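Only this structure's heavy atoms are used, side chains among them; waters, hydrogens and symmetry mates stay out. Residue numbers start from 1 in every chain, and the chains themselves are labelled A, B, ... in the order their sequence lines are given, proteins ahead of strands. Note that the coordinates shown come from a computational prediction; the quantities given were computed from them, not determined experimentally.
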2 protein chains.
Amino acid sequence: MLDQIRPADISEFPCPIRDVLDRIGDQWSFLVLIGLEPGVRRFSQLEREIGDISKQMLSKTLRRLEQDGFVAREVHAEVPPRVEYRLTALGRSFLGPMRELIRWAEVNHGAIVAARRQKGAG
Amino acid sequence: MLDQIRPADISEFPCPIRDVLDRIGDQWSFLVLIGLEPGVRRFSQLEREIGDISKQMLSKTLRRLEQDGFVAREVHAEVPPRVEYRLTALGRSFLGPMRELIRWAEVNHGAIVAARRQKGAG
DNA sequence: CCGCATCCCTGGAGATACTG
DNA sequence: CAGTATCTCCAGGGATGCGG
């Protein structure tokens, strides 16, 4: 069972789950995907909506998501420039399982906090 | 919508989703949870099964998972010592949504790799 | 066997300033 | 507006050794 999860220096792109987790597990990818869920967004729009992300990280995150096929980027040749981001089909399909996780988190967060308190306090 | 996701320095334990993601998003928590899925495991057993985890990280990860209520730790006063880890009900319930994510990853990993190749190579 | 302490190194991420 | 480049800082995590 764990064999499937193994890191694998073996092949180019190792265990699917690790690979995916490494992407959305980072600080920002998940937030950006959620930010794009309602529809098309511009760069600064995302920046504002997410709030505490730096331009650099937003840029890097979007690039990676684009490269992995979660997000599509569209540049409009205007002045001032306008760049729009939207979820691809792949990106949208990913939000399915993510919503399950969100549901779980909302329901069980209390239990986690309680457990933390208990161990933390004594 | 994003308000719910916000970091929140405001309260002690902020957005549930961020909080949960921060935990299982780290390098190892997920692997350890999977390793415990089949049942009770000893420390070195987990170490071997996961393969490329250091003792330190296994220890830290288990502690955090224990503190958050995902994992129960049981020490047997023997020589040599024996320590057993198992999932709690909370931990097991978490594997539900996780399996969804795993499913998705298995199904869509190919598309991700393909996207990467396309952008990377051309 | 379990697992913490120490040392060390790497890369992730913020701040800032600059370009098209 | 939409980024990129540079500097910097520090937490994450590996390796190793010691203690219970």
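Judged as a ring-ring contact (aromatic ring centres under 6.0 Å, His included), the pairs with a partner in residues 31-74 of chain A (not counting sequence neighbours) are, in order, A:F70-A:F94, A:F70-B:W104.
Computed from coordinates, the B:Q45 CD to C:dG3 C1' distance equals 17 Å when rounded to whole Å. Atom CD of A:E84 is separated from atom P of D:dG3 by 11 Å (rounded to the nearest Å). Rounded to an integer number of Å, the gap from CD1 of A:I50 to P of C:dG14 is 11 Å. Computed from coordinates, the B:R82 CZ to C:dG3 P distance equals 13 Å when rounded to whole Å.
Here A:L46 contributes atom CG and A:K55 contributes atom NZ; the two are 14.0 Å apart, rounded to the nearest 0.5 Å.
Checked against side chain to side chain donor-acceptor pair (under 3.5 Å), B:R73 has the following partners two or more places apart in sequence or in another chain: B:Y85. Residues forming a side chain to side chain donor-acceptor pair (under 3.5 Å) with A:S29 (at least two apart in sequence, or on another chain): A:D26. Taking B:R42 as the reference, nothing meets the salt bridge (charged side-chain N to carboxylate O under 4.0 Å, His left out) condition, with sequence neighbours excluded.
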**Item:** Footprint string (nucleotides 4-20 of chain D, 5' to 3'): B base within contact, S backbone only, - free, heavy atoms under 4.0 Å
**Value:** SBB------SBB----B
Give the table of side-chain donor-acceptor pairs shorter than 3.5 Å for residues 56-66 of chain B, with sequence neighbours excluded, one pair per line with atom names and distance.
unit_1: B:Q56; atom_1: OE1; unit_2: B:K60; atom_2: NZ; d: 3.4
unit_1: B:T61; atom_1: OG1; unit_2: B:M57; atom_2: O; d: 2.6

